[in-house]
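Order of the sequence lines fixes the chain letters, A, B, ..., with proteins taken first and strands second; residue numbering starts at 1 for each chain.
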Amino acid sequence: MRLEIAGVSHSYGDLRTLDSLSLAGEAHGVLGLVGPSGCGKSTLLELICGLQDPGAGTISIGGASDGEGRLGRCAFMPQSDLLLPWYSAIDNAALALRNRGMGRRQARGTAAGLFERFGLAGFEASRPDELSGGMRQRVAFLRTLIAGKPVLALDEPFAALDAITRAEMQEWLAAALRTDPRTVVLVTHDVEEALYLCDRVAVLSARPARIVAELAAPHPRAPERDAAVTAPEFVAAREEAMRALRDGSR
Amino acid sequence: MRRWLLPLGLIALLLGAWQIAASTGAIANALNLEDFLVPSPSEIAAALWENRGLLAENAWVTLREILLGILCALIAGVGMAVLMHRWRLLRDAAFPLIVASQTIPIVVISPILLVWFGYGIGPKILIIALFCFFPITVNALDGLRSTDPEAVKMMRSLDASRWQRFRRVEAPAALPSLFSGIKIAVVFAPLAAVFAEWVGADAGLGRLIQSDLANYQVARQFAAVFVLAAMALILIGLAALAERRVVTWR
């Protein structure tokens with residue numbers, strides 16, 4: 001589903017966070033938003049998801065530009081995994097189904113199939129605090145995926161993980177999106193992560209955020225991550241993005 | 001082992017000292033009192049055994065008042081907390097009043113309540129409920145407000161209705177705090193019951209303690225205090241047990 005952001009500005013009181021941003025995300029494409037900390041990336045993501053309405057400008061997803069319409073089309077994955085500690089892993093993953101009125105048994109059955117596919121088999125009944133950081137993120141991503149929305153909005157999904165787990169999770173997400181393509185908006189402060197996972201990356205400036213550069217990623221979601229991120233064209237794109245990021249932070 | 005042995009040893013030591021001091025008449029002599037006014041632990045134990053029927057009868061009256069009082073406070077307190085959490089306006093209007101109401105000495109207004117509502121169980125339940133309402137309401141509200149706003153956003157994005165957000169996120173998040181309130185209420189309730197019975201009652205441990213005091217039945221009075229304390233300890237234990245059964249994720 002196509003995402004269109006046109007002339008969006010936003011403020012919290014007197015604090016201007018977004019300054020007439022315009023961006024477009026292709027259906028089944030992954031759009032990356034990279035920017036310095038506190039630049040308003042997360043705000044933009046919440047606006048896209050319909051959790052807030054922009055002060056000015058329009059955001060439309062598949063033609064729907066009202067908040068309710070966007071909320072119905074986007075599934076939001078917040079920064080920390082936010083698995084609910086009172087539910088097992090599978091009940092956390094199946095939250096969206098339960099919210100839509102599906103019975104517990106049926107919801108678990110539906111989620112169980114995905115647990116198998118995403119390397120979580122055997123952990124269905126585990127409590128969130130029994131899972132490793134990487135597994136928690138997988139369950140949180142499954143929870144977002146199971147909602148069945150055309151657009152996934154991921155806010156720094158791997159920020160809390162160590163470098164090795166993060167690289168593994170990037171490969172895992174790339175594989176997941178290869179088999180189950182969705183329109184994705186990915187917010188991250190990690191340029192390499194953005195260029196590996198996304199088709200296109202928008203670099204945002206410091207607050208109030210505007211777009212400094214838009215780059216096309218050379219090998220989006222390549223099966224061999226290590227080879228992809230060391231290829232000369234990837235390194236060049238990373239340097240370009242870093243330059244834009246530095247310019248925008250001034 | 002050590003956790004139990006040390007306090008038990010201390011209790012034995014204190015009881016032993018008391019037994020010797022009382023049975024030799026040392027305390028009575030020092031205070032210039034008649035011997036029967038200073039019962040020894042063994043005399044109190046004898047009174048406990050001889051009056052077991054009477055004590056049980058009165059303990060049941062007091063226990064019923066306590067349980068009904070806590071139940072009323074629980075219903076009113078949780079209800080009020082939920083309403084205040086749901087409507088900001090109500091919280092801003094009512095919360096300062098609830099805090100200020102704590103400065104009203106319930107002990108002093110108890111006689112008025114008795115005049116208004118008579119000598120039945122009603123005013124006792126009301127007085128106990130008034131004591132317990134505050135800790136339950138404040139802790140329940142604190143718990144509800146401790147909900148992570150990101151979790152609420154995540155649930156909205158997963159199509160949760162307001163009720164589902166409450167049931168699946170806010171209510172479980174509030175439970176640990178609510179149990180803290182209940183444990184405080186359980187400590188207060190027996191004291192409140194004794195107050196309520198002192199103001200006017202024809203049965204109950206508080207009433208028995210009061211009449212024994214008037215008749216110099218000091219050993220039986222101590223026995224009643226012992227029963228009351230044991231009852232309070234059991235209630236606290238039950239509350240802690242219930243917490244462990246319900247809040248399994250901590």
Side-chain angles (χ1 to χ4, degrees), chain A residues 42-43 45-52 67-68 70-89 91-102 104 107 126-130 139-149 151-157 185, chain B residues 74 77-78 81-82 85-89 92 136 139-183 238-250:
Chain A
S42 296
T43 303
L45 202 62
E46 286 183 14
L47 293 174
I48 291 170
C49 290
L51 290 165
Q52 296 185 55
E68 280 302 308
R70 297 200 306 276
L71 200 56
R73 287 169 161 81
C74 283
F76 173 62
M77 178 173 168
Q79 232 170 67
S80 55
D81 58 68
L82 276 180
L83 298 182
L84 302 175
W86 39 88
Y87 288 138
S88 63
D91 286 339
N92 267 289
L95 266 176
L97 303 176
R98 299 280 288 134
N99 287 340
R100 273 181 223 137
M102 193 186 276
R104 179 177 290 168
S126 303
R127 293 276 188 170
D129 60 5
E130 295 166 350
V139 175
F141 181 74
L142 267 195
R143 178 184 64 195
T144 318
L145 202 63
I146 286 177
K149 308 280 186 88
V151 178
L152 306 181
L154 315 180
D155 191 0
E156 307 245 18
V185 185
Chain B
L74 204 57
V78 171
V82 169
H85 180 64
R86 173 72 179 80
W87 285 287
R88 183 72 198 270
L89 192 72
D92 290 348
I136 289 177
N139 280 284
L141 184 63
D142 262 0
L144 288 169
R145 292 182 67 183
S146 73
T147 315
D148 188 338
E150 290 288 305
V152 175
K153 283 178 197 162
M154 179 267 291
M155 282 297 272
R156 276 181 64 198
S157 178
L158 299 181
D159 301 322
S161 65
R162 189 174 268 288
W163 163 246
Q164 288 168 332
R165 259 143 52 200
F166 178 76
R167 203 182 95 67
R168 305 211 160 110
V169 177
E170 294 172 310
L175 278 175
S177 182
L178 174 63
F179 269 106
S180 304
I182 291 174
K183 283 191 281 189
L238 286 176
L241 191 70
E243 181 181 23
R244 267 222 302 272
R245 295 297 296 267
V246 175
V247 187
T248 49
W249 58 90
R250 282 235 164 155

Of the listed A:A147, A:P78, A:C49, A:G50, the one with the largest count of heavy-atom pairs under 4.5 Å with chain B is A:P78

Looking only at heavy atoms, which two atoms of A:D129 and B:W249 are closest? And how far apart?
OD2-O, 4.4 Å

Is it the side chain or the backbone of B:V169 that comes within 4.5 Å of chain A heavy atoms, both, or neither?
both

Contacting moiety of A:L84, where chain B heavy atoms sit under 4.5 Å
side chain

Go through the structure and list residues passing side chain to side chain donor-acceptor pair (under 3.5 Å) with A:N99, not counting sequence neighbours.
B:R168

Within a reach of under 6.0 Å around CZ of B:R250, are more than 12 heavy atoms found that belong to other residues, nucleotides or ligands?
no

Please list, in residue-number order, every residue in residues 143-155 of chain B that has a heavy atom less than 4.5 Å from any heavy atom of chain A; write 'none' if there are none.
B:D148, B:E150, B:A151, B:K153, B:M154, B:M155

For A:R70, all residues meeting side chain to side chain donor-acceptor pair (under 3.5 Å), sequence neighbours excluded
A:D53

At a heavy-atom separation under 4.5 Å, does A:C74 approach chain B through its side chain, its backbone, both, or neither?
backbone

Kindly check if the number of other-residue, nucleotide or ligand heavy atoms within 6.0 Å of CG (B:L89) is above 12?
no

Min side-chain heavy-atom separation A:K149-B:D159 under 4.5 Å:
yes

Between A:F76 and B:S157, what is the shortest heavy-atom contact and its length?
N-OG, 2.7 Å

With sequence neighbours left out, the residues meeting side chain to side chain donor-acceptor pair (under 3.5 Å) with A:D91 are A:S88, A:R108

